[in-house]
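Note that this is a predicted model, so its numbers are computed, not measured. The basis for the numbers below is simple: all heavy atoms, side chains too, and nothing from hydrogens, waters or symmetry mates. The chains referred to below are lettered A, B, ... by the order of the sequence lines, with proteins before strands, and numbering in each begins at 1.
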Amino acid sequence: MAIRVKFFSLIREAVETEELTLNFDAEISTVAGLKSFLGERGEAWVEALSHPNLIQAVNQRVVFQEEAINDGDDVAFFPPMTGG
Amino acid sequence: MAIRVKFFSLIREAVETEELTLNFDAEISTVAGLKSFLGERGEAWVEALSHPNLIQAVNQRVVFQEEAINDGDDVAFFPPMTGG
Amino acid sequence: MSVTITDSDISPGDLATAFYADNPHGAVTTFAGFVRDFNTQGEVETLHLECYVEMAERVLSDLGAEARQRFGLKSWQIVHRFGSLSSTTPIVFVATSADHRAEAFSACEFVMDTLKTDAPFWKREDFEGEQQWVTVAARDVDRRRRWDTKDPVS
Amino acid sequence: MSVTITDSDISPGDLATAFYADNPHGAVTTFAGFVRDFNTQGEVETLHLECYVEMAERVLSDLGAEARQRFGLKSWQIVHRFGSLSSTTPIVFVATSADHRAEAFSACEFVMDTLKTDAPFWKREDFEGEQQWVTVAARDVDRRRRWDTKDPVS
């Protein structure tokens, strides 16, 4: 399956990546699984994705990390929002 | 002494008067005294000026009827305000 | 920091545009009120607003100054129509600016709530051939009263 | 009923003028936020606003719809800038209209309080050669939280 992963603000800077398109077999089924998978890229990724205030969204909605991921989903990681 | 007296809304309609300029000796010293004095003009005046929700202003400030009146003052009588 | 009382048409859009240009502070709140085409009894054809102009100028100037002090405003403006108005005509425009939105919002609401019961305007509605003076709504009295005790910003 | 997310300049005056023309309801409240030229540490030269555009559109559309339902709005509009902004540049414009002012005021403040913590924008301040991401203010979290329990109009 294929998913898009986006990173914003502090998290984007920490992993030096704005966006990834990932293709993989279905062994990753949740956001938590995706975080572990991305952590294999190095210490900076592990640290950024274990940030205590990390927020994750699937298809533009904030979710818990137990949320399921399906083919075609947009996943995003970012720190607390500061709009307005 | 001379004072100007204004009437608005329901009170203006009841006494059929928008504004008066009164010249009199200093026997009228308070708003309450002025109301009694105006009441001599007839029953409509007595009724209007004893309206339970009547508001009185001296020099554009809402006052109790015990407020003193002085030469040159503007006095006004009106019902509760409905601005905005 | 200005008050305008007028029997000419007012344009809330132009007023807001000018206020923003002069006061691009962190937080700017505006309120605009327009004549509704109904009341509790049905359709309203015309709203007649009587005004004691000299007193309205004094009351609204004092109110703006009080709002500025109480909420730490950087600027404020109050504009109020009187005369005969048809439905959808603008009646009132209030703008407040501050460093933060809590103060701008509270001050604007404070001005509107106070103006409703303390500024010398009297509304008369004309409908179906009848004329009727508007009485003070209980909710307006309640909203005015809460500012006597309420925390400045909440 | 519309949301606009843009990296082009916005004009709160033009937006207010158009909103008033389309929605001359009894009560119209607007909020406009401009870049301040200071933060807690001193002078700010540039504010950079990063945005997750697709999510911002979804969150703000849902927020407007929620405000409409919760406060019985007749109409609403939310416009939000992103990109690099110098001081006094408009960032955000929110307008709400209702029959009565309590609903218009509360809805506008609800939208602003929610948008601050729930819309995917991230502010970075540039000053004295340094760049610093803005952290969420405790008061913004508190203001957001009160809407979870507060009476719709108070």
> Which answer fits D/E54, side chain, backbone, both or neither, if we ask what part of it has an atom under 4.5 Å from a heavy atom of chain A?
Replying inline: both

> Just wondering, do A/L34 and A/I3 contact through their side chains at under 4.5 Å, heavy atoms?
Replying inline: yes

>> Show, in sequence, the C-alpha distance, side-chain angles and deciding distance for D/R143 and D/E109, and conclude whether the side-chain contact (heavy atoms from CB on, under 4.5 Å) test is met.
In response: CA-CA 9 Å; D/R143 288 182 67 81; D/E109 207 165 357; 2.6 Å; yes

> Which region of A/N53, side chain (C-beta onward) or backbone (N, CA, C, O), has a non-hydrogen atom less than 4.5 Å from a non-hydrogen atom of chain D, or is it both or neither?
Replying inline: neither

> Who passes ring-ring contact (aromatic ring centres under 6.0 Å, His included) against D/W122, sequence neighbours left out?
Replying inline: A/F8, A/F78

>> If you compare all heavy atoms of A/D71 against all heavy atoms of A/A2, which two are closest, and at what distance to 0.1 Å?
In response: OD1-N, 2.6 Å

>> Please rank D/H80, D/E57, D/H48 by heavy-atom pairs under 4.5 Å with chain A and give me the top one.
In response: D/H80

> Is D/D126 salt-bridged to D/R124, cutoff N-O under 4.0 Å?
Replying inline: yes

>> Evaluate D/E50 against D/K123 for salt bridge (charged side-chain N to carboxylate O under 4.0 Å, His left out), listing each step before the verdict.
In response: CA-CA 6 Å; D/E50 188 168 331; D/K123 289 198 183 100; over 6 Å; no

>> Between D/D62 and chain A, with a heavy-atom cut-off of 4.5 Å, which part of the residue counts as in contact: side chain, backbone, both or neither?
In response: side chain

>> Could you check whether A/D74 pairs with A/R4 (Lys NZ or Arg NE/NH1/NH2 to Asp/Glu carboxylate O, under 4.0 Å)?
In response: yes

> Closest approach of D/S75 and D/F19, non-hydrogen atoms and distance?
Replying inline: OG-CE1, 3.9 Å

>> For D/D113 versus D/W147, what's the shortest heavy-atom pair and its separation?
In response: OD2-NE1, 2.8 Å

> Do A/Q56 and A/K35 come close enough that some side-chain heavy atom pair is under 4.5 Å?
Replying inline: yes

> Any salt bridge between A/E67 and A/R61, counting N to O under 4.0 Å?
Replying inline: no

>> As a quick check of understanding, evaluate ring-ring contact (aromatic ring centres under 6.0 Å, His included) for D/F110 and D/W76, giving each step before the final call.
In response: CA-CA 12 Å; D/F110 166 72; D/W76 59 270; over 10 Å; no

> What closest approach, in Å, do D/I78 and D/L60 show between heavy atoms, and which atom pair accounts for it?
Replying inline: CD1-O, 3.6 Å

>> Can you list the residues of residues 23-32 of chain D that sit under 4.5 Å from chain A, counting heavy atoms only?
In response: none

> Considering all heavy atoms of both residues, which atom of D/L73 and which atom of D/A98 are nearest to each other, and what is their separation?
Replying inline: CD2-CB, 4.3 Å

> Does some side-chain heavy atom of A/Q60 sit less than 4.5 Å from a side-chain heavy atom of D/Y52?
Replying inline: yes

> Taking only heavy atoms into account, what residues of residues 81-95 of chain D are found under 4.5 Å from chain A?
Replying inline: D/I91, D/V92

> What are the residues of residues 12-24 of chain A, in order of number, with any heavy atom under 4.5 angstrom from a heavy atom of chain D?
Replying inline: A/R12, A/E13

